[in-house]
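Treat the numbers as computed from the prediction; the structure is a model and nothing was measured. No hydrogens, no waters, no symmetry mates; every other heavy atom, side chains included, goes into these values.
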Amino acid sequence: MCAAPADRPVVTRFAPSPTGYLHIGGGRTALFNWLYARGRGGKFLLRIEDTDRERSTPEATAAILQGLRWLGLDWDGDAVSQFARKDRHAEVAHEMLARGTAYKCFSTAEEVAAFRAEQEAQGASYAVFQSPWRDADPATHPADKPFAIRMRAPRTGETLVEDKVQGTVRFGNEQLDDMIVLRSDGTPTYMLAVVVDDHDMGVTHVIRGDDHLNNAARQQMVYDAMGWDIPVWAHIPLIHGPDGKKLSKRHGATAVGDYQAQGYPAAGMRNYLARLGWAHGDDEFFTSAQAMEWFDLSGIGRSPARLDFKKLENICGLHIAASDDAALLHEIEGYLAAAAQPALTQGQRDLLSRALYCVKERAKTFPELLEKAHFALTSRPIVADEAAAKALDPVSRGILKTLTPRLQNVSWTKEDLEPILNEIATAHGIGFGKLAAPMRAALAGRSATPSVYDMMLVIGRNETIARLEDAAG
RNA sequence: GGCCCGUUCGUCUAUCGGUUAGGACACCAGGUUUUCAACCUGGGAAGAGGGGUUCGACUCCCCUACGGGCUGCCA
């Protein structure tokens with residue numbers, strides 16, 4: 001059972017359906033596969049399950065690729081289109097037919113539906129559909145009618161799924177029907193396509209949502225029918241909303257792209273998502289390199305996890321603080337674009353770059369960082385917000401007036417600026433905080449900013465004096 | 001209805017038969033402070049319920065409750 005191809009290098013895959021944006025749960029599934037493969041020198045493949053022509057769209061495919069790229073989950077080779085492989089799927093279905101592990105079923109969809117309706121009408125619960133064609137003599141096959149190809153599933157005994165997360169899961173074979181592998185229009189069903197593709201792509205480890213756990217039993221039958229090795233299964237629990245219910249729109253952000261647009265750094269998302277349903281002892285804050293090294297199937301939990309935005313923010317704040325400035329600036333520009341905000345001008349870019357050292361440790365998200373860096377991004381005249389305006393009372397403005405002349409010739413370093421500001425505060429019988437407040441208002445137009453010294457150093461002497469004079473009136 | 005999975009502080013989790021059940025986020029109190037953030041100290045906070053097994057269960061088994069998934073010629 002479940003021959004784990006342990007001797008082969010690891011190959012994992014992420015196989016989303018392009019019917020919408022990349023869901024946060026899908027993002028985590030992709031992350032787990034990526035970490036597992038990358039941590040073992042294996043390959044991480046991407047396959048787009050676009051066999052449902054009605055619901056699949058190129059826009060959704062683009063959104064998914066974009067989401068993965070933002071998360072930094074690079075895949076090996078080109079993304080495989082499942083639809084493009086339909087001939088191979090059909091070929092395998094016919095091979096099963098030839099082997100006798102599948103059969104032609106001439107029952108129409110209407111007949112199957114009628115069977116179910118009848119069962120229901122009789123008050124009976126759900127019943128497995130048993131095709132009358134399963135053991136029919138080929139001689140009785142109608143020559144001109146379309147047929148579906150159904151799996152000849154065992155009706156007795158049980159199927160064991162050896163799962164790295166769920167353990168050994170048993171299914172009574174009487175519960176499993178003769179699933180259709182090739183539709184009457186010649187197109188493959190998902191159940192067949194995944195197995196054929198995973199096999200052909202050399203996938204060794206299937207890490208996916210546990211909504212597929214039941215499917216694994218059915219899929220094993222296809223592997224067995226074709227005499228192929230069954231991959232290592234790892235069915236991970238789904239992610240729930242903060243209220244414990246299945247994650248949906250009403251919980252807010254469910255798309256990976258939403259998080260980018262809200263200004264969460266990708267490294268923080270990876271870290272947070274990795275900790276959702278997986279743990280490595282007490283490690284909470286780590287890099288992707290560490291995650292690759294530590295990630296293992298045995299560390300995956302079995303209960304669904306809930307999204308906790310507070311924790312996400314905390315982790316993201318730590319990652320922003322730990323980022324180097326060049327990477328941070330680049331990512332902030334990506335955020336601006338994703339959030340449909342105006343791009344930085346060259347001047348803003350330079351100033352922000354110089355300001356990063358004093359704002360990155362005080363922000364949990366990019367919009368928060370940008371707000372803290374407002375002093376560097378804005379330009380005269382500085383418009384004070386309501387809270388800041390209160391600090392610019394007549395007395396304070398008078399004090400600012402006495403300050404500017406003192407700044408003309410001093411060397412522009414914190415060491416030399418500090419005595420001057422302290423002296424001014426002392427001379428007016430106020431604490432430093434009372435002086436800093438109007439300075440914040442004058443320099444940034446805000447009441448919450450980096451240290452006044454940092455702001456002065458970043459914007460420079462001339463701009464500092466100009467802003468102070470503007471405010472002093 | 002049937003089958004399958006799950007249930008440790010509010011949340012994410014550690015524990016893999018013997019612990020004062022640990023950590024993190026959040027929260028509360030205090031400290032630091034130039035606002036915000038950060039930081040330091042302290043605090044409250046958990047094994048769903050009931051049966052077993054065992055010298056001893058959060059850990060193993062059974063039942064119940066609750067939550068979730070699957071049950072398509074969707075993926």
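Once rounded to the nearest 0.5 Å, the distance linking NZ of A:Lys164 with OG of A:Ser298 reads 9.0 Å. Note that CG of A:Asn271 is 7.5 Å distant from OG of A:Ser288, once rounded to the nearest 0.5 Å.
Between the side chain of A:Arg362 and the base of B:C36 there is at least one donor-acceptor pair of N/O atoms closer than 3.5 Å. A donor-acceptor contact under 3.5 Å is not formed by the side chain of A:Thr189 with the base of B:C73. Side-chain atoms of A:Arg55 come within donor-acceptor range of the base of B:C74, with a qualifying N/O pair under 3.5 Å.
Contact annotation: A:Arg170 does not reach the phosphate of B:C3 (side-chain N/O to OP1 or OP2, under 4.0 Å). Remark: A:Lys364 is in phosphate contact with B:A38, judged by side-chain N or O atoms under 4.0 Å from OP1 or OP2. An OP1 or OP2 oxygen of B:C12 is reached within less than 4.0 angstrom by no side-chain nitrogen or oxygen of A:Arg275.
Cation-pi check for A:Arg53 over A:Phe83 is met; the charged atom lies under 6.0 angstrom from the ring centroid and within 45 degrees of its normal.
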inquiry  = Let's go through A:Gln220 and A:Trp233 carefully: what are the C-alpha distance in whole Å and the side-chain angles of both, what is the deciding distance for side-chain hydrogen bond (donor to acceptor under 3.5 Å, both in side chains) to 0.1 Å, and is it a yes or a no?
reply    = CA-CA 10 Å; A:Gln220 278 189 193; A:Trp233 304 115; 2.9 Å; yes

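Counting heavy atoms of neighbouring residues, nucleotides and ligands inside a 6.0 Å radius, atom CZ of A:Arg170 does not exceed 12 of them.
Listed nucleotides B:U7, B:C25, B:C36 differ in distance to A:Ser303; the shortest reach to its side chain belongs to B:U7. With B:C73, B:A26, B:G6 as the choices, the nucleotide that has an atom nearest any side-chain atom of A:Pro304 turns out to be B:G6. Of the candidates B:C5, B:A26, B:C73, B:C5 carries the atom nearest the A:Gln166 side chain, counting heavy atoms from C-beta on. For A:His240, the side-chain atoms get nearest to B:G67 when compared with the rest of B:C36, B:G23, B:G67. Checking B:U34, B:C36, B:C25 against every side-chain atom of A:Asp308, the shortest atom distance belongs to B:C25. Here the nucleotide nearest the side chain of A:Asn214, chosen from B:C70, B:C73, B:C5, is B:C70.
Spacing of C1' atoms, B:C27 relative to B:A45, comes out at 10 Å, to the nearest Å. If you take atom C1' in B:C61 and the same atom in B:G72, they sit 37 Å apart, rounded to whole Å. B:C4 and B:A46: their P atoms are spaced 34 Å apart (whole Å). If you take atom C1' in B:G69 and the same atom in B:U8, they sit 23 Å apart, rounded to whole Å. Rounded to a whole angstrom, the distance from the C1' atom of B:C3 to that of B:A21 is 35 Å. Separation of the P atoms belonging to B:U54 and B:U59 is 16 Å when rounded to the nearest angstrom.
Looking at which nucleotide of RNA chain B each of A:Tyr190 and A:Leu238 is closest to, the 5′-most match is held by A:Leu238.
The aromatic rings of A:Tyr36 and A:His205 sit tilted relative to each other, their planes meeting at an angle between 30° and 60°.
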Would you be so kind as to tabulate the donor-acceptor pairs closer than 3.5 Å made by side chains of residues 424-436 of chain A, with sequence neighbours excluded?
unit_1, atom_1, unit_2, atom_2, d
A:Thr426, OG1, A:Asn422, O, 2.7
A:His428, ND1, A:Ile424, O, 2.9

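Using Watson-Crick or G-U wobble geometry with both donor-acceptor distances under 3.5 Å, B:C70 finds its partner in B:G2. Look at B:U34: it lacks any Watson-Crick or wobble partner with both distances under 3.5 angstrom.
Listed in residue order, the members of residues 279-286 of chain A having a heavy atom less than 4.0 Å from RNA chain B are A:Ala279, A:Asp282, A:Glu284.
Taking the six-membered ring for Trp and the full ring otherwise, A:Phe147 and A:His141 have centroids separated by 6.0 Å or more.
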